[in-house]
Amino acid sequence: MELPDRVPRLTARTGLTLRPWQLAGPDLELVRQAAQDDYIPAITTVPRPYTDAEGEEFVRRQWQRTARGGGYPFVIVAPEGRPIGSVGLWLKDPGQECASLGYWLAASGRGRGAASAALEAAADWALHGLGIARLELHVEPWNTASLRTAQRAGFRREALLRRWRQVAGERRDMVLYALHNSGPCPPAQQAPSGGPARG
Ligand SMILES: CC(C)(COP(=O)(O)OP(=O)(O)OC[C@H]1O[C@@H](n2cnc3c(N)ncnc32)[C@H](O)[C@@H]1OP(=O)(O)O)[C@@H](O)C(=O)NCCC(=O)NCCS
């Protein structure tokens, strides 16, 4: 499968835009806000504590992910132009028929369904633009906002994966959600290591 070497610009429901990360003030401010969240630094490579140098390094890491064929990290931008969060599509098998997604919003962007709209747009591009057969999400069972986000974007619950991924120094259970096109995919249980790549 031939995949693009750049993160595209996508439009999502409710006037949101998805675009590549930029090494500029508004995106660094987004990383700074994300670094203040209790959970985001534990499931991503968002630096805590935040410094401008670490924030810039985070943005460069996002670019490298795409350059090295690892996936497509997007910034979620509100209708008025403010970056509010991120959604990433991470490629996970050599044939690139399966991928996982991760997402987060800074506190100021929450409560308006932005994550589900952004997730839906990224998933639609992955399935119908890239032709990926199967998309997966891994959500901790306590994370109601994320479980609802997955459901609202059309993902279906498939399994509870016990002790699937290391978070904050301990193995955690994850609920597996998936959305498919047609086509084969190795079962999630046979993946070599637990959990999606960290953004
Ligand atoms: C997960 C996340 C992206 C969801 O975004 P959000 O803007 O908070 O989500 P919304 O406000 O649209 O809420 C989605 C749904 O969850 C519900 N919800 C939100 N917070 C909740 C809570 N603490 N308890 C119960 N339900 C909650 C909302 O009522 C809404 O329900 P609905 O679909 O029936 O309307 C955001 O909370 C976040 O970034 N969390 C930290 C990072 C994270 O957990 N990422 C996902 C990892 S799998």
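For ligands, and for the atoms within them, numbers begin at 1 and follow the listed sequence.
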- Message: When you compare the side chain of Y72 with that of P20, does any pair of heavy atoms fall below 4.5 Å?
- Response: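 No, their side chains stay 4.5 Å or more apart.
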- Between F58 and W63, is the gap from one ring center to the other below 6.0 Å?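 That pair fails the under 6.0 Å test.
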- Message: Distance alone, cut at 3.5 Å: any donor-acceptor contact between the side chains of R148 and S116?
- Response: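 Note: R148 and S116 side chains miss the donor-acceptor criterion.
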- Is it true that the side chains of Q166 and E170 contain a donor and an acceptor less than 3.5 Å apart?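 No donor-acceptor contact under 3.5 Å links the two side chains.
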- Checking R65 against W90: charged group under 6.0 Å from the ring centre and within 45 degrees of the axis?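 R65 over W90 ring: yes.
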- Task: Could you list all the salt bridge (Lys or Arg N to Asp or Glu O under 4.0 Å) pairs where at least one residue sits in residues 104-116, not counting sequence neighbours?
- Result: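 Listed once each, the pairs are D37-R110.
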Show the short N or O contacts, below 3.5 Å, that ligand 1 makes with protein N or O atoms; if there are none, say 'none'.
from, atom 1, to, atom 2, distance (Å)
ligand 1, 7 (O), G111, N, 2.8
ligand 1, 11 (O), G111, N, 3.2
ligand 1, 12 (O), G113, N, 3.1
ligand 1, 33 (O), R148, NE, 3.1
ligand 1, 33 (O), R148, NH2, 2.9
ligand 1, 33 (O), R152, NH1, 3.0
ligand 1, 34 (O), R148, NE, 3.1
ligand 1, 34 (O), R148, NH2, 3.0
ligand 1, 35 (O), R152, NH1, 3.0
ligand 1, 39 (O), L105, N, 2.8
ligand 1, 39 (O), L105, O, 3.4
ligand 1, 39 (O), R110, NH2, 3.4
ligand 1, 44 (O), N143, ND2, 2.8
ligand 1, 45 (N), Y103, O, 2.8

